[in-house]
Every structure is written in C-alpha cells, then in structure tokens.
Amino acid sequence: MNTHIFKTLTLGLALSTLTLPAMAQQDDSARWVTDELTTYVRSGPTDGYRIVGTLTAGQPVKLVETSGDYSRVRSDSGDEVWVPSSQLQDSPSARDQLPELRTRVEELTSELSGINDTWEDRTSAMSETLKVREQRIAELEARNHELESANASISDTNGKLEARLETQKEDLLMRYFMYGGGVAGAGLIVGLIVPHLPRRRRKRDRWF
C-alpha cells in the first residue's frame with residue numbers, strides 16, 4: 001500500500017516538474033504534432049489545397065502563422081506547410097516525454113525511499129529513547145516508593161521513641177518527687193525526734 005502511494009506521488013511530482021519547465025523554456029512558436037499516426041499537410045490554409053505530405057506524430061515544428069482552422073509551420077528541414085491547428089499542441093508528445101518521465105520517477109522513487117529510510121531510523125531512535133526514559137521513570141518511581149516507605153517507618157519509630165522518652169521523663173520526675181519527699185520526711189522526723197533525746201551531762205573539770 002505504501003509503495004503504491006509512493007509511486008503515485010512520484011509520478012505526479014514528475015509530471016508537474018517536467019511539464020511546467022518545458023512550457024516555460026520553449027518559445028511561443030514551438031509546437032508539436034499530436035500523437036495521431038499521421039497528420040496530412042497541405043499547400044494552403046483550407047481543405048481545398050492539395051495534400052503535399054505528412055508529419056510524424058510528435059514531430060517538433062515552428063509556428064509561422066495561423067489562418068482560420070489551419071496553421072503554417074516550419075519543420076526542422078526548413079519546409080513550410082499548412083496543418084490543421086487542432087492537430088498541433090503546445091507541449092511535447094507523451095511518447096517523447098515518457099523516457100524522461102521514467103528517469104524522473106526513478107529518481108524521485110529513490111529519493112522518497114531514502115527519506116523513508118531516514119524517517120524510519122529517526123522513528124526507531126526516538127522509540128528507543130522513549131523506552132529508556134520510560135524505564136528510567138519507572139526506576140525513579142520505584143525508588144521514590146521505597147523512600148516513602150522508609151520515611152513512614154522512620155516516622156513511626158521516631159513517634160515511638162518520643163513517646164518512650166516522654167514516659168521516661170515522667171518516671172524520672174516521679175522519682176525525684178519521691179526522693180525529695182523521702183528526704184523531707186526523714187528530715188522532719190529527725191527534727192521531731194532529736195529534741196526529745198536525753199542529753200548527756202557534762203562532767204565538771206577538776207583542777208586538783
């Protein structure tokens with residue numbers, strides 16, 4: 001299907017590129033005999049004049065003048081004859097253009113084939129690049145998922161440690177209160193007991 005389309009486009013391009021330059025380069029008097037088998041020519045510009053010969057299909061001639069339905073033309077040999085204007089055309093015959101058209105078609109086909117190969121190479125390279133990028137994105141997403149999981153685990157552990165630390169602070173503060181209360185209670189007891197303890201009498205010092 002693609003080959004058929006390429007050939008169709010190539011033929012169209014060839015026809016357009018060959019026909020237009022040929023028409024542009026020729027002068028106004030250039031004509032070609034139509035592709036009919038034979039074209040009879042006369043000695044004058046009407047059917048009443050005698051036939052003096054024929055022109056070959058596709059033969060190039062020069063237009064000298066036009067009178068009614070006839071045109072006087074000059075062949076490459078220099079002979080001038082009258083030919084029906086309807087049997088002249090402004091462009092070379094298809095038979096003459098065919099070899100050049102075939103060559104042009106082959107050139108354009110080769111050029112299009114090269115463009116197609118280049119496009120396929122570029123498409124393949126872009127596909128490979130896209131595949132590598134997709135793989136890299138997948139790896140980064142997996143790594144990000146791992147980091148999120150690790151972060152969640154760390155956050156959970158950190159919360160537990162903070163709760164444990166808070167509990168230890170409360171326990172330590174309670175111990176301080178208990179120790180302080182014990183010391184205060186012991187001091188109070190000592191302060192209450194000591195005044196009621198019997199005192200030892202001091203012995204009088206003797207100097208003899």
Enquirer: Once you round to the nearest 0.5 Å, how far does OG1 of Thr123 lie from CG of Leu130?
Expert: 12.0 Å

Enquirer: Asp121: which residues meet the side chain to side chain donor-acceptor pair (under 3.5 Å) condition with it, sequence neighbours left out?
Expert: none

Enquirer: Quick check against the 3.5 Å criterion: does Arg42 have a side-chain atom that pairs as donor or acceptor with the backbone of Asp47?
Expert: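 Indeed, once roles are kept as given, a pair shorter than 3.5 Å links the two residues.
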
Enquirer: Just how far is it from atom CZ of Arg164 to atom OG1 of Thr157, taken to the nearest 0.5 Å?
Expert: 12.0 Å

Enquirer: Using side-chain heavy atoms (C-beta onward) and a distance below 4.5 Å, is Trp82 in contact with Thr46?
Expert: no

Enquirer: Of Asp79, Val64, Val61, Leu63, which meets side-chain contact (heavy atoms from CB on, under 4.5 Å) against Arg74?
Expert: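 Option passing the side-chain contact (heavy atoms from CB on, under 4.5 Å) with Arg74: Val64.
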
Enquirer: Is Glu134 salt-bridged to Lys131, cutoff N-O under 4.0 Å?
Expert: no

Enquirer: Please answer: with hydrophobic residues joined when any side-chain heavy atoms are less than 4.5 Å apart, are Val41 and Tyr49 in the same cluster?
Expert: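 Shared cluster, no.
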
Enquirer: Spell out, yes or no, whether Tyr70 and Leu88 are grouped together once hydrophobic residues are joined by side-chain heavy atoms under 4.5 Å, including indirect joins.
Expert: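 Cluster IDs for Tyr70 and Leu88 differ.
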
Enquirer: Return yes if some donor-acceptor pair links the side-chain N/O of Thr109 with the main-chain N/O of Val105 below 3.5 Å, else return no.
Expert: yes

Enquirer: If you round to the nearest 0.5 Å, how far is CD of Glu166 from CD of Glu162?
Expert: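 Here the rounded value is 9.0 Å.
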
Enquirer: So, applying side-chain contact (heavy atoms from CB on, under 4.5 Å) with Lys169, which one of Leu172, Leu173, Leu165 is it?
Expert: Leu165

Enquirer: With no hydrogens and no angle check, is any side-chain donor or acceptor of Ser149 less than 3.5 Å from a backbone partner on His145?
Expert: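 Confirmed, Ser149 side chain pairs with His145 backbone.
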
Enquirer: Would you indicate whether the side-chain heavy atoms of Asp76 and Pro60 approach each other to under 4.5 Å?
Expert: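 A side-chain contact exists here, since the closest heavy-atom pair is under 4.5 Å.
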
Enquirer: Please identify each residue that fulfils salt bridge (charged side-chain N to carboxylate O under 4.0 Å, His left out) with Arg133, with sequence neighbours left out.
Expert: none

Enquirer: Hey, mind stepping through Thr66 and Ser71 against side chain to side chain contact (heavy atoms under 4.5 Å, CB included) and telling me if it holds?
Expert: CA-CA 4 Å; Thr66 299; Ser71 296; 3.3 Å; yes

Enquirer: When you measure from the side chain of Ser124 to the backbone of Glu120, do you find a donor-acceptor pair of N or O atoms at a distance under 3.5 Å?
Expert: no

